[in-house]
Amino acid sequence: MTVCARKRIVRDYEQVSVQAETLSVPLDLAALFGRVAPVHVEIGSGKGTFLLDQAQAHPECDFLGVEWANRYYRYAVDRMGRWGLTNVRLIRTDATAFVRQSLGDETVEAFHVYFPDPWPKKRHHKRRFFQDQNVEQLWRALRPGGVVQFVTDHEPYYQSAREVIARQADRWQEVPFERPAGAAEGEIVGTNYERKYRVESRAIYALAVGKRPAMQ
Ligand SMILES: C[S@@+](CC[C@H](N)C(=O)[O-])C[C@H]1O[C@@H](n2cnc3c(N)ncnc32)[C@H](O)[C@@H]1O
């Protein structure tokens, strides 16, 4: 039997793909999207399933995906472009540097961090996205009352995320996790990785926290 695997042809859509080097600092989100609207940022957006479903369900909001891997980035750009979505932008860059250097204070409505790489070896924990300094930066960039949603299949990473929040308890309060539009019955977020891990019957852990105002 001959197996013929057809390679998906991916196109660039200039209205979706953002060139990191062309961005203003701090990033002018209204200019980027061509309007003033609540902005959601997904860290490590992968193939873009969350962005696609949520942007269709919430045309009143804008969505920015940050993805490092070129292959996934290009796949997601092609997907958003094919669907003709006007409220999604994708940027190929390192999320840690992007949040720290490019996002202005109190400009983001919500951050979505779904199945970030867990870096299970202890000597690699410093590479995890959800760590003290980055979470401080998320707090800075969030509007008052804004939220961070975090989902992982990696129980130790989930526990360490809870510890990060506990260390910054004056800045965060736990809030109910809001399941995105694309989550099917029995799913928490419905991303590619959640679907892949559910097939393997892995446990999935979710955390949502809201920004408290700074203590005076
Ligand atoms: C396990 S995948 C999860 C993808 C998607 N969120 C999902 O749930 O299906 C993690 C993604 O984060 C991306 N990523 C890892 N480190 C990153 C970084 N520092 N900046 C931007 N993206 C990153 C990876 O390339 C990968 O696409």
Side-chain angles (χ1 to χ4, degrees), residues 8 10 16-21 23 27 39-57 63-80 85 88-103 108 110-121 123-138 141 147-158 160-161 164 177-184 186-208:
R8 183 180 166 121
V10 293
V16 178
S17 61
V18 178
Q19 303 311 310
E21 56 284 356
L23 297 179
L27 179 55
V39 175
H40 291 241
V41 175
E42 187 183 14
I43 305 292
S45 42
K47 290 185 171 178
T49 300
F50 164 78
L51 295 172
L52 182 66
D53 293 338
Q54 201 70 348
Q56 286 175 318
F63 295 86
L64 176 60
V66 186
E67 172 55 54
W68 176 244
N70 192 38
R71 188 163 148 247
Y72 293 136
Y73 169 75
R74 292 183 57 228
Y75 184 96
V77 166
D78 177 66
R79 243 178 138 186
M80 307 305 144
L85 291 176
V88 183
R89 303 285 182 275
L90 282 155
I91 180 165
R92 186 184 164 229
T93 195
D94 169 46
T96 297
F98 174 75
V99 172
R100 189 179 62 240
Q101 295 165 4
S102 298
L103 290 178
V108 173
F111 285 100
H112 303 269
V113 189
Y114 300 140
F115 299 90
D117 295 339
W119 295 106
K121 289 182 183 160
R123 69 175 187 278
H124 292 154
H125 284 183
K126 54 183 179 294
R127 300 184 189 173
R128 286 177 172 171
F129 180 79
F130 208 99
Q131 55 171 291
D132 293 277
Q133 297 96 315
N134 290 349
V135 173
E136 282 169 21
Q137 289 296 320
L138 299 185
V147 300
V148 178
Q149 297 214 132
F150 171 88
V151 178
T152 182
D153 63 303
H154 193 265
E155 208 257 342
Y157 195 6
Y158 171 70
S160 91
V164 171
F177 189 93
E178 250 186 60
R179 288 172 65 243
E187 291 180 341
I188 296 176
V189 276
T191 64
N192 287 49
Y193 270 78
E194 175 170 11
R195 288 178 182 154
K196 179 172 141 166
Y197 291 152
R198 285 209 182 269
V199 170
E200 298 169 12
S201 301
R202 295 198 196 182
I204 310 282
Y205 307 89
L207 174 65

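Every number for a ligand or one of its atoms is a count from 1 in the order of the listing.
Surrounding CD of E155 are more than 12 heavy atoms belonging to other residues, nucleotides or ligands, all under 6.0 Å away.
Atoms of ligand 1 lying under 4.0 Å from any heavy atom of A69, numbered from 1 in the order shown and given with element: 25 (O). Counting the atoms of ligand 1 from 1 in the order shown, those under 4.0 Å from a heavy atom of N192 are 9 (O). Which parts of ligand 1 touch A95 is read off a 4.0 Å heavy-atom cut-off, strictly below it: atoms 18 (C), 19 (N), 20 (N), 21 (C). Close contacts of ligand 1 with G46, meaning ligand atoms under 4.0 Å from a residue heavy atom, involve 4 (C), 27 (O). Near E42, the atoms of ligand 1 lying under 4.0 angstrom from a non-hydrogen atom of the residue are 6 (N).
Taking atom 24 (C) of ligand 1 as the reference point, the nearest protein heavy-atom neighbour is E67 OE2, 3.4 Å. At the shortest separation from atom 9 (O) of ligand 1 among protein heavy atoms lies Y193 N, 3.0 Å. Protein heavy atom closest to atom 8 (O) of ligand 1, with residue, atom name and distance, is T191 OG1, 2.7 Å. Summary of contacts: the protein heavy atom closest to atom 5 (C) of ligand 1 is G44 O, 3.6 Å. Nearest protein neighbour of atom 15 (C) of ligand 1, counting heavy atoms only, is D117 OD2, 3.2 Å. Among protein heavy atoms, atom 19 (N) of ligand 1 sits closest to D94 OD1, 2.7 Å.
Under 4.0 Å from ligand 1, the heavy atoms of T93 that appear belong solely to its backbone.
A salt bridge links E187 with R195: the distance from a Lys NZ or Arg NE/NH1/NH2 to an Asp or Glu carboxylate oxygen falls below 4.0 Å. Looking at E194 and R198, a side-chain N of the basic residue comes within less than 4.0 Å of a carboxylate O on the acidic one, giving a salt bridge.
Nearest-residue assignment for atom 3 (C) of ligand 1 (options F98, Y197, W68, F115; heavy-atom criterion): F115.
Remark: the S17 side chain and the R74 side chain contain no N/O donor-acceptor pair separated by less than 3.5 Å.
Between H40 and H112, the shortest heavy-atom distance links the atoms ND1-NE2, 2.9 Å.
Here the options are F63, F111, F50, the test is side-chain contact (heavy atoms from CB on, under 4.5 Å), and the partner is E42; only F50 passes.
The shortest distance between side-chain heavy atoms of V99 and V66 does not fall below 4.5 Å. At a threshold of 4.5 Å between non-hydrogen side-chain atoms, the residues L51 and L90 count as touching.
No N or O atom of E194 sits closer than 3.5 Å to an N or O atom of ligand 1.
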request  = Show the numbers, then the answer: is there a side-chain contact (heavy atoms from CB on, under 4.5 Å) between F177 and V151?
outcome  = CA-CA 10 Å; F177 189 93; V151 178; 3.5 Å; yes
